[in-house]
Amino acid sequence: MSVTVLHHALINHKLTNIRRKETNTRDFYQNVNEIAGLLAYEVSKDFPLVDVEIETPICKTKQHVLGCEVVIVPILRAGLGMVDGIRNLIPTAKVGFIGLYRNEETLEPVEYYAKFPDNIKDENTIVLVVDPMLATGGSAVAAIDMIKKRGAKKIRFCCLVAAPIGIETLQKAHPDVDIYACAVDEKLNEVGYIVPGLGDCGDRLFGTK
Ligand code: PRP
Ligand code: URA
């Protein structure tokens, strides 16, 4: 399916803010949320609409409202940093959670938590799996495996910074999932970090380390 790399002056500017090593925890979190909001605007632009008849103070009129349910699934921890920004735009979205961390030696994802709203399996639900970083792709592939097992059908993966290998791995494992990224960086380094990247996103968001 498709890979969309967003090109927007505000996204580029805010990405530079979070890439700077001197950006503090508060500013890092705020910028991640703001970028997530801009990303939500792009990801939702083709969401289905249904007709409704309403009454303005002037007359009756046929208008449109969202014709789908939305479930946001952050991959813990770093994905949590994107949730508020998306919920600001889509306040009716429900939120599920997947706890995964990368084993620092093998880089393999390890699952430690899962909780989803019931409507994740509904035909008209669009699931936004969110994680700022798509590095090897292992965490995204494992997270999407987990939500497909719960019956999710329409899935979009949203990240801030992707490595080419992560995109390739995710596309191979889940060709039906559309990928949205704010930037595609050069490569991974020898310990699996994205280059130039922004460092350890979870630690920078939550002030650990
Ligand atoms: C980071 C990031 C992704 C994962 C990406 O999480 O938030 O979930 O690494 O790497 P991958 O594509 O190689 O799997 P991390 O494991 O550091 O956990 P944390 O969010 O709890 O810090
Ligand atoms: N996880 C991160 O937080 N940063 C990276 O560069 C790669 C994985």
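Nothing here was measured: the structure is a model prediction, and the numbers come from that model.
The salt bridge (charged side-chain N to carboxylate O under 4.0 Å, His left out) test applied to Lys62 returns no partner, not counting sequence neighbours. Applying the side-chain contact (heavy atoms from CB on, under 4.5 Å) criterion to Lys60, with sequence neighbours excluded, gives Glu53, Glu55. Here Lys14 pairs with Glu34 under the salt bridge (charged side-chain N to carboxylate O under 4.0 Å, His left out) rule; sequence neighbours left out. Among residues two or more places apart in sequence or in another chain, the side-chain hydrogen bond (donor to acceptor under 3.5 Å, both in side chains) test is passed with Lys149 by none. Residues satisfying the side-chain contact (heavy atoms from CB on, under 4.5 Å) criterion with Pro48, sequence neighbours excluded, are Cys68, Ile126. Residues that satisfy the salt bridge (charged side-chain N to carboxylate O under 4.0 Å, His left out) test with Glu42, not counting sequence neighbours, are Lys45. Listed by chain and residue number, nothing satisfies the side-chain contact (heavy atoms from CB on, under 4.5 Å) test with Thr25 (two or more places apart in sequence, or in another chain). In this view, Asn103 and Glu105, Thr106, Val110 satisfy the side-chain contact (heavy atoms from CB on, under 4.5 Å) rule, not counting sequence neighbours.
Grouped with Ile144 in one hydrophobic cluster are Val3, Val5, Val71, Val73, Ile75, Ile98, Leu100, Phe116, Ile120, Val127, Val129, Leu134, Val141, Met146, Ile147, Ile155, Phe157, Ile167, Leu170, Val177, Ile179, Val184, the linkage being side-chain heavy-atom contacts under 4.5 Å among Ile, Leu, Val, Met, Phe, Trp and Tyr residues. Think of Ile58 as one node in a network of Ile, Leu, Val, Met, Phe, Trp and Tyr side chains linked at under 4.5 Å; it has no links at all. Counting Ile, Leu, Val, Met, Phe, Trp and Tyr side chains that sit under 4.5 Å apart, directly or through other members, Tyr193 shares a hydrophobic cluster with Val191.
Proximity of Leu39 to Ile86: side-chain heavy atoms (C-beta onward) are nowhere separated by under 4.5 Å. Between Pro109 and Arg102, the closest side-chain pair of non-hydrogen atoms is not below 4.5 Å. Contact check for Val65 versus Val50: side-chain heavy atoms found under the 4.5 Å cut-off. Side-chain contact between Ser44 and Leu89: absent, with no pair of heavy atoms (C-beta onward) separated by less than 4.5 Å.
Although no hydrogens or angles enter the test, the distance criterion places no donor-acceptor pair under 3.5 Å between the side chain of Arg150 and the main chain of Lys115. Formation of a donor-acceptor pair under 3.5 Å by the Arg87 side chain with backbone atoms of Thr92 is not found in this model.
By the 6.0 Å contact criterion, OH on Tyr41 is open, its count of non-hydrogen atoms from other residues, nucleotides or ligands being 12 or less.
For the 3.5 Å distance criterion, the side chains of Asp84 and Tyr29 qualify, holding a donor opposite an acceptor.
When all heavy atoms of Asp51 and His64 are compared, the closest pair comes out as OD1-ND1, 3.1 Å. Pro196 and Asp185 make their closest contact through CD-OD2, 3.5 Å (heavy atoms, listed as atom of the first residue, atom of the second, distance). Closest approach of Gly96 to Pro74, counting heavy atoms only: O-CD, 2.8 Å. Lys94 approaches Pro117 most closely through the heavy-atom pair CB-CG, 3.8 Å.
With salt bridges taken as basic N to acidic carboxylate O contacts below 4.0 Å, one links Asp203 and Arg77.
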Criterion side chain to side chain donor-acceptor pair (under 3.5 Å) on His7 and Asn12, from CA distance to verdict: CA-CA 7 Å; His7 298 286; Asn12 286 351; 5.6 Å; no
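Listed by first and then second residue, the side-chain hydrogen bond (donor to acceptor under 3.5 Å, both in side chains) pairs involving residues 117-143 are Glu69-Asn119 (not counting sequence neighbours).
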